[in-house]
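Beneath this line is the structure, given in structure tokens, with notes to follow.
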Amino acid sequence: MVSAAERWIEEQERLAKPAHVYWMDGSEGEAWRLLEIGMNEERLNGPVFLKLDQSKWPTAYLHRSCPNDVARVEQLTLVCHPTKEDSGPNNNWMEPEKAKKVMAKLSDGCMAGRTMYVIPYMMGHPDSPYAKACLMITDSTYVAVSMRIMTRVGTPILEKLRNRDDFIKGFHSIGTLDPNRRYIMHFPREGLVWSVGSGYGGNALLGKKCVSLRIGSYLGYKQGWLAEHMVIMGVEDSRGKKTYITAALPSACGKTNLAMMESALPGYRVWTLGDDIAWLNIGPDGRLWAINPEAGYFGVAPGTSMKTNPNMMKTIKRGAFNPTLFTNVALNTDTNEPWWEGLDGPVPERLLDWQGRPWTPADGIKAAHPNSRFTASIINSPMLDEGADKPQGVPISAIIFGGRRTQLIPLVLESFNWAHGVFMGARMGSETTAAATGKVGVVRRDPMAMRPFCGYNMADYWRHYLNMGSRMSRPPRIFGVNWFRTDEQGKFLWPGFGDNMRVLKWIIDRVTGAVSARETPAGLVPRVEDLETTGLDLSKDRLEKLFEVNIKDWTTEVDEVRDYLKPYKGRLPAEIREQYEKLTRQVR
Ligand code: OXD
Ligand code: MN
């Protein structure tokens, strides 16, 4: 009997009309075969894969994408529920039947002359009760290899799909790479992602943002769990006790560095489980348990060095079962090594830039694309936590919501209770930096760091978050962090990086009840003497400034939050409105 999976593949084959169909088996030999194929496949700026110096960068390859295809495209990313209201003000929307017609037209014959890779993959450990079996097709060798790094690919997953039709489906084609023929469409009610016209990570490696966050968040809403844009880490204290924490931070706020931090506090260390996505389920013990559905890192290369993130450097230089891919970094042709701005050592005299064009420092432009990436297996990480491969995941004691705010938000804040914590997450924001286009210092709201990734109406998501809290007998505590507060001269008040462990220590001390806290209208802040500052050259004044809650500034904040919440008014949970009103009363 033909299974639902086979039937679905046959339908896609009839539509896309590939020259060949190849079912991926996940074996080790397969990785190297696909790399060979890619090295012989010409694209407009060279072969799909270029082999780098294997003695210095074991198993590393360089890929250059189409220059018009280097980032996620939010304006072309749609979430198609039957009504616009169900998708919410936070998503672009098209009526599902109309959207499917658009995609069918773009997909008709789109794989002609190409190989269609069929990828059975799992998000999460195959034995995890929380994992999801998925099936995807793609006509990109780069995507096929990347999916092997980012997820668990292999024939055994087909067994899991055999007698069921509830697997998550993904159709991906690079199409013509014409931005006018590009869409990333989500149909959460059918568990379907349909992406045509882009080969870039977030648009094309469908297991990541599309499945694990947009489709995952909707499944979580329906099934009673949460799919979050969060780091998962274990913090080990000086007595060897480990506390598991998740943290949601918008991009460019140091999420990966936090997940792989080298502690500046003696005796403490971080173990990593994931740097981008957490699936959170309530366990039989009434606690919140986290798994990382992914199996790899898709990290930003510029700025990564032995100084900023030695553990990541070790990971990408390790090489193992799967290759490490570099996308849109520069190439040192003298040494055949990858290069990016911020890498250790002197800037090479001569390079090829991310588009393969000759480059010298005198050109005054960046050699690596600012969003150039590495894709590496998480098992290569020297600080991988033992819980990373546990099917049930790890129990979470604290959730952190963070952002980049030069003013207003204290270094660390604890919420009064779960509902207040959800409100803290809902009003989360980050200031734009010089790295982004547009005005610098404007606060962009990014609730729970999920604004581009929530696969349904954000107000329903907040209600779901609130319900999750009431279903747990031992919920984690919720905290806010802000490493970026500045003084009158615009200098950072807090050293950040490894010293952030001092803040994590306070969070753990709160969880264990070892310290008390000071109440402010915004939440609970540390008593200055409770923050471990030994070895830090920080005056008491500066410390006090780090924890200051300035009522005048908070009146502006509540006005901005009111405007931000307005489009959700019909669906806004009463608890969020109450939290907003309480804060407003306290700061007026
Ligand atoms: C990512 C992102 O690439 O959040 O992880 O954009
Ligand atoms: Mn991310």
Side-chain angles (χ1 to χ4, degrees), residues 63 65 69-77 79 90-91 123 142-143 146-147 149-151 184 186 193 195 198-217 226-233 246-260 272-280 290 292-304 309 312 315-316 325-329 340 368-378 381 400-404 425 428-430 432-433 435-437 444-455:
H63 170 76
S65 77
D69 185 31
V70 291
R72 285 189 289 105
V73 279
E74 286 177 17
Q75 71 282 12
L76 301 177
T77 302
V79 173
N90 47 301
N91 280 306
M123 296 316 294
Y142 166 74
V143 170
S146 302
M147 285 298 288
I149 305 170
M150 295 306 297
T151 75
I184 299 96
H186 301 74
V193 184
S195 165
S198 166
Y200 171 78
N203 306 326
L205 313 184
L206 302 188
K208 197 173 185 58
K209 305 298 184 183
C210 302
V211 168
S212 290
L213 290 178
R214 297 193 192 95
I215 301 287
S217 61
L226 287 164
E228 295 299 301
H229 192 197
M230 285 177 174
V231 161
I232 313 172
M233 59 190 173
T246 62
L249 295 123
S251 21
C253 292
K255 203 142 59 79
T256 304
N257 288 350
L258 177 66
M260 303 187 86
T272 184
L273 291 97
D275 78 327
D276 199 37
I277 297 172
W279 281 359
L280 306 174
N292 174 7
E294 300 193 281
Y297 297 119
F298 181 62
V300 176
T304 308
N309 196 338
M312 189 57 98
T315 305
I316 60 181
L325 302 182
F326 290 95
T327 305
N328 295 338
V329 297
W340 53 83
H369 189 279
N371 193 31
S372 53
R373 299 276 178 151
F374 50 77
T375 317
S377 288
I378 199 165
S381 167
I400 297 175
F401 293 127
R404 173 187 284 270
M428 226 171 107
S430 229
T432 49
T433 63
T437 47
R444 255 199 217 138
R445 299 285 155 188
D446 188 354
M448 283 83 172
M450 282 288 279
R451 196 198 50 74
F453 307 119
C454 181

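Order of appearance sets the numbers: ligands from 1, and atoms from 1 within every ligand. The basis for the numbers below is simple: all heavy atoms, side chains too, and nothing from hydrogens, waters or symmetry mates.
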Rounded to 10°, how many degrees is the angle NZ/Lys209-the Mn ion (ligand 2)-NE2/His229? 90°

Give the numbers and elements of all ligand 1 atoms closer than 4.0 Å to a heavy atom of Phe453. 4 (O)

Indicate whether the side chain of Asn309 and that of Thr304 have a donor and an acceptor atom separated by less than 3.5 Å. no

Atom 6 (O) of ligand 1 [closest protein heavy-atom partner, distance rounded to 0.1 Å]: Arg72 NH2, 3.0 Å

Looking only at the side chains, is there a donor atom on one of Tyr142 and Thr327 sitting less than 3.5 Å from an acceptor on the other? yes

Interfacing atoms of ligand 1 (cut-off 4.0 Å, heavy-atom, Asp276): 5 (O)

Just checking, any donor-acceptor pair under 3.5 angstrom between side chains of Ser198 and Asp69? yes

For His369, does its backbone N or O pair with a side-chain atom of Trp340 as donor and acceptor, under 3.5 Å? no

What distance do Met123 atom CE and Glu294 atom CD have between them, rounded to the nearest 0.5 Å? 5.0 Å

Just which atoms of ligand 1 are under 4.0 Å from any heavy atom in His229? 4 (O)

Give the residue and atom name of whichever protein heavy atom lies nearest to atom 4 (O) of ligand 1, and the separation in Å to one decimal. Lys209 NZ, 3.1 Å

Asp276, N/O/S atom nearest the Mn ion (ligand 2): OD1

Glu74 and ligand 1 - part of the residue with a heavy-atom distance under 4.0 Å: neither

Interatomic spacing from CG in Asp275 to OG1 in Thr315 - rounded to 0.5 Å: 10.0 Å

